[in-house]
Protein chains: 2
Amino acid sequence: MNLDTKYWYLRDHKLFSVLSSSELKSICMISNFKSAKKGEIILFSHDENTRVYFLKKGTLKIVEIDDKGNEIVKDVLQKGDIFGEFTLTESQSDEYAVAVSDSVICCSFKMDDFEKLLEKNPQLSLSYTKWMGFRFKRLQNKYANLMFKDVRTRFKSFLEEWASKEGMANSDEIILKNYLTHQDIASLICSTRQTVTQLFNELKEQGILDYSRTEIILKKVA
Amino acid sequence: MNLDTKYWYLRDHKLFSVLSSSELKSICMISNFKSAKKGEIILFSHDENTRVYFLKKGTLKIVEIDDKGNEIVKDVLQKGDIFGEFTLTESQSDEYAVAVSDSVICCSFKMDDFEKLLEKNPQLSLSYTKWMGFRFKRLQNKYANLMFKDVRTRFKSFLEEWASKEGMANSDEIILKNYLTHQDIASLICSTRQTVTQLFNELKEQGILDYSRTEIILKKVA
DNA sequence: CCTGAATTGTCGGCTAGACGACCTATTGAA
DNA sequence: TTCAATAGGTCGTCTAGCCGACAATTCAGG
C-alpha cells in the first residue's frame with residue numbers, strides 16, 4: 001500500500017484528525033497495514049511485539065476458542081474501532097479477529113511505538129483515554145444487562161443496538177445485513193443457539209421481525 | 001486539611017509520583033479533600049462539576065439503588081483506587097460511595113481540571129490510560145466469569161481475590177476482616193443472599209473456611 | 001448438479017439457583 | 001435493658017433457559 005493511501009486512511013480516523021500533517025506522515029512510517037478478505041483470520045502477535053489495531057474498513061468479529069474448542073464471538077467491530085492490545089498491557093489471550101465483510105483493512109502499531117506516540121501528543125492521548133473510558137462504560141452496561149435482564153430482553157437490546165449501528169431504515173422497517181449465525185449471536189448475548197433460534201421465531205410470529213440467513217428485517221411498530 | 005498533608009497524600013499515589021514537587025504543589029490547589037467515617041456516604045455530584053476521586057485512605061463500597069430500592073454493591077475499593085467519573089465522560093448514574101472502614105480519606109478533582117492536568121503531563125496521562133486499561137481487563141474478567149462459571153466458582157474466586165488483597169496470612173490460614181454482609185457479597189458475585197449463606201455453610205462443613213459476622217478465615221488446604 | 005458440512009428448527013428432560021416465607025441471632029440506639 | 005432493625009439460616013417451590021438429540025434446510029466446493 002502506498003504512503004498516500006496510508007496517510008488518507010490514518011487521517012480518516014477521528015482520533016488522528018487532531019494531528020498535524022507532518023505528524024501524520026511520521027506515524028505513517030511506523031504503521032503496518034493489513035487487509036483481509038471475508039473469512040480470513042487476522043492473528044494478534046503474542047511476542048514482544050504486541051500491537052494495537054485500528055479497523056479502517058469493513059467489519060470483523062473478535063473470536064476466542066473455549067476449552068471445548070467452541071468459537072466464542074466476543075465482539076463485532078466496525079470501521080473506526082480499536083482492537084488488539086488497546087489496554088496497553090501485555091496479556092495472554094487466544095483472541096483473534098475474523099473478517100466478516102468482503103474487504104477488511106486495518107492498521108496496527110507496535111504497543112511501544114503507540115505509547116511513545118501518545119506521550120508526544122497530549123491531545124491524542126486524552127482522546128484515546130476518553131475512548132477507552134467509553135469502551136469501559138459499554139462493557140459495564142453489558143455486565144449490568146447480564147446481571148439484571150433475561151435472555152429475551154438482552155436479545156432485543158442486541159438487535160436494537162445492531163440496527164442503530166448498521167441498520168438501513170425504510171419507511172416502516174429497518175434492514176440488517178446478517179453476517180452472524182444464531183450461534184454467534186448466542187455467544188454475544190450470553191445464551192445458547194437453540195434459545196436464539198426460538199427467540200427469532202417467537203418475534204417473527206409476533207410480527208416484530210422477519211429474517212433469513214442473510215437478512216434481518218425489524219418492523220417498526222406503529 | 002493543611003497543604004503539607006495534602007501534598008503528602010497526593011505524592012503517595014503511584015500515579016502522581018512521576019510529578020515534580022512544584023507540579024504536585026500546584027495540583028494541591030485544585031484538589032478537594034474529603035473525609036468520612038464508617039457508614040457515611042460520599043455523594044458524587046452530577047452537575048457540571050463531575051469529579052474524579054482518588055481513595056487515599058481506608059475502604060469504601062460503590063453502591064447503586066435498583067428499581068425496587070435495593071442496595072446493589074458494585075465494587076469495593078481500597079487505598080489507591082480511583083472512582084467517580086474516571087472514564088472522563090459525563091453520565092447519569094445513581095452511584096454513591098459508602099465508607100466501610102473507620103476513617104476514609106479521598107481527594108477529588110473537577111473532571112475538566114483533571115483533563116487539563118493530563119494534557120500537561122504526558123507521562124501521567126499514559127499511566128492513567130494504562131490504569132484504565134487494567135480496570136477494563138478486570139471488568140472483562142468479571143464478565144467472562146459471569147458468562148462461564150457457576151455461582152460456587154464465582155464465590156470461591158471472590159474469596160480468593162479478597163484474600164489476596166486484604167488477607168492476613170497465618171501459618172495455615174488467611175484471616176479476612178469482614179465488613180460485607182451476605183447480601184453485599186451476593187450482589188458482587190451476582191447471586192442472592194440465600195445462596196451466599198448456603199455456600200458459606202457448605203464450605204464451612206467442608207472445612208475450607210470458618211466465618212462470623214466480623215471475620216472470615218480461609219483454611220489453607222495442605 | 002451432488003454431496004458433505006454448516007446452519008437452522010424443534011422437542012423434552014433437567015437443574016441451578018432465584019424467590020418467597022418465616023424464623024432466629026445479633027446489634028445498637030435510647 | 002429493651003426493643004426494633006438488621007443480618008443470617010433454612011426450606012420448599014418454581015422456572016428460565018441450558019443441554020442433548022435429531023431432523024430439515026441451506027450452502028459451498030468439486
Side-chain angles (χ1 to χ4, degrees), chain A residues 37-40 61 63 65-73 98 100 102 145-158 177-206 209-217, chain B residues 37-40 61 63 65-73 98 100 102 145-156 158 177-205 209-217:
Chain A
K37 291 199 177 66
K38 191 187 280 194
E40 283 181 355
K61 51 183 184 182
V63 175
I65 303 296
D66 73 2
D67 329 323
K68 289 157 205 146
N70 305 312
E71 261 199 356
I72 310 286
V73 179
V98 182
V100 292
D102 293 330
N145 265 328
L146 192 47
M147 213 162 161
F148 299 116
K149 310 293 168 93
D150 62 9
V151 180
R152 174 174 290 95
T153 313
R154 295 204 302 276
F155 180 68
K156 282 186 185 173
S157 318
F158 172 78
K177 221 181 134 249
N178 181 20
Y179 45 81
L180 296 171
T181 66
H182 293 184
Q183 178 62 67
D184 288 345
I185 295 173
S187 58
L188 284 167
I189 64 172
C190 194
S191 178
T192 57
R193 205 218 84 219
Q194 295 94 317
T195 306
V196 168
T197 303
Q198 267 172 223
L199 284 170
F200 262 121
N201 287 318
E202 203 179 299
L203 297 200
K204 190 178 184 174
E205 265 172 40
Q206 290 172 27
L209 59 74
D210 219 331
Y211 75 102
S212 70
R213 294 200 177 197
T214 50
E215 235 183 20
I216 300 173
I217 300 171
Chain B
K37 292 199 177 69
K38 192 186 279 195
E40 283 181 356
K61 50 184 184 181
V63 174
I65 304 295
D66 74 3
D67 329 322
K68 288 156 207 147
N70 305 311
E71 261 200 357
I72 311 286
V73 179
V98 182
V100 292
D102 294 330
N145 265 329
L146 193 46
M147 212 163 163
F148 300 117
K149 310 293 169 90
D150 62 9
V151 181
R152 174 174 289 97
T153 312
R154 295 204 301 275
F155 180 68
K156 283 186 184 171
F158 172 78
K177 219 181 135 250
N178 181 21
Y179 44 81
L180 296 172
T181 66
H182 292 184
Q183 178 62 66
D184 287 347
I185 296 174
S187 59
L188 283 167
I189 65 172
C190 194
S191 178
T192 58
R193 204 216 86 218
Q194 294 95 318
T195 306
V196 169
T197 302
Q198 267 173 223
L199 284 171
F200 263 120
N201 288 318
E202 203 180 300
L203 296 200
K204 190 177 184 175
E205 266 173 40
L209 59 74
D210 218 333
Y211 75 103
S212 70
R213 294 205 175 195
T214 50
E215 234 183 20
I216 301 173
I217 301 172

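Scope of the values below: all heavy atoms of this structure, side chains included, with no hydrogens, waters or symmetry mates. Naming: A, B, ... by sequence-line order, numbering from 1 per chain. Computed from a predicted model, the values in this text were never measured in an experiment.
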Given the rule in the side chain to side chain contact (heavy atoms under 4.5 Å, CB included) test, do B/R154 and B/C190 qualify, once you have shown the distances and angles that lead to the verdict?
-> CA-CA 9 Å; B/R154 295 204 301 275; B/C190 194; 4.2 Å; yes
Nearest-nucleotide comparison on DNA chain D, the residue closer to the 5′ end among B/N178 and A/Q194 |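 Closest to the 5' end, via its nearest nucleotide, is B/N178.
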Are the side chain of B/D66 and the backbone N or O of B/N70 linked by a donor-acceptor pair below 3.5 Å?
->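 Present.
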Are the side chains of [Y] and [X] in contact, using a 4.5 Å heavy-atom criterion?
X	Y	result
A/I72	B/F148	yes
A/T195	A/F155	no
A/F158	A/V196	no
A/K156	A/L203	yes
A/E40	A/V98	no
B/Y179	B/D184	no
B/K38	B/V100	no

Interatomic distance, [X] [atom1] vs [N] [atom2] [rounded to whole Å]:
X	N	atom1	atom2	value
A/E205	C/dG9	CD	P	12 Å
A/M147	C/dA18	CE	C1'	13 Å
A/Q183	C/dA6	CD	P	13 Å
B/L146	C/dA18	CG	P	10 Å

For A/F155, answer base if it contacts any base atom (sugar-phosphate contacts may also be present), sugar-phosphate if it contacts only those atoms, and nothing otherwise; contact means non-hydrogen atoms under 4.0 Å.
->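 No contact at all - A/F155 keeps every heavy atom at 4.0 Å or more from the nucleic acid.
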Can you label the angle between the B/H182 ring and the B/Y211 ring as parallel, tilted or perpendicular, going by 30° and 60°?
->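 Answer is tilted, since the angle falls between 30° and 60°.
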Does a side-chain N or O from A/Y179 land closer than 4.0 Å to OP1 or OP2 of C/dT7, or not?
->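 No, no such contact exists.
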Measure distances between side-chain N and O atoms of B/R152 and base N and O atoms of C/dG17, and say whether any donor-acceptor pair falls under 3.5 Å.
->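 For B/R152, whose side chain was compared with the base of C/dG17, there is no donor-acceptor pair (under 3.5 Å).
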Distance from B/N178 atom CG to B/I185 atom CD1, nearest 0.5 Å?
->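 One gets 5.5 Å once the value is rounded to the nearest 0.5 Å.
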Using a 4.0 Å heavy-atom cut-off, write out nucleotides 25-30 of chain C from 5' to 3' as B (base contacted by protein), S (sugar-phosphate only) or - (no contact).
-> BS----
Span of DNA chain D in contact with chain A (heavy atoms, under 4.0 Å) =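 Range of nucleotides within reach of chain A: D/dG17 to D/dT26.
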Identify, residue by residue, the members of residues 195-203 of chain A with a heavy atom below 4.0 Å from DNA chain C, and return them in order of residue number, or none.
->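 Nucleic-acid contacts, sorted: A/T197, A/N201.
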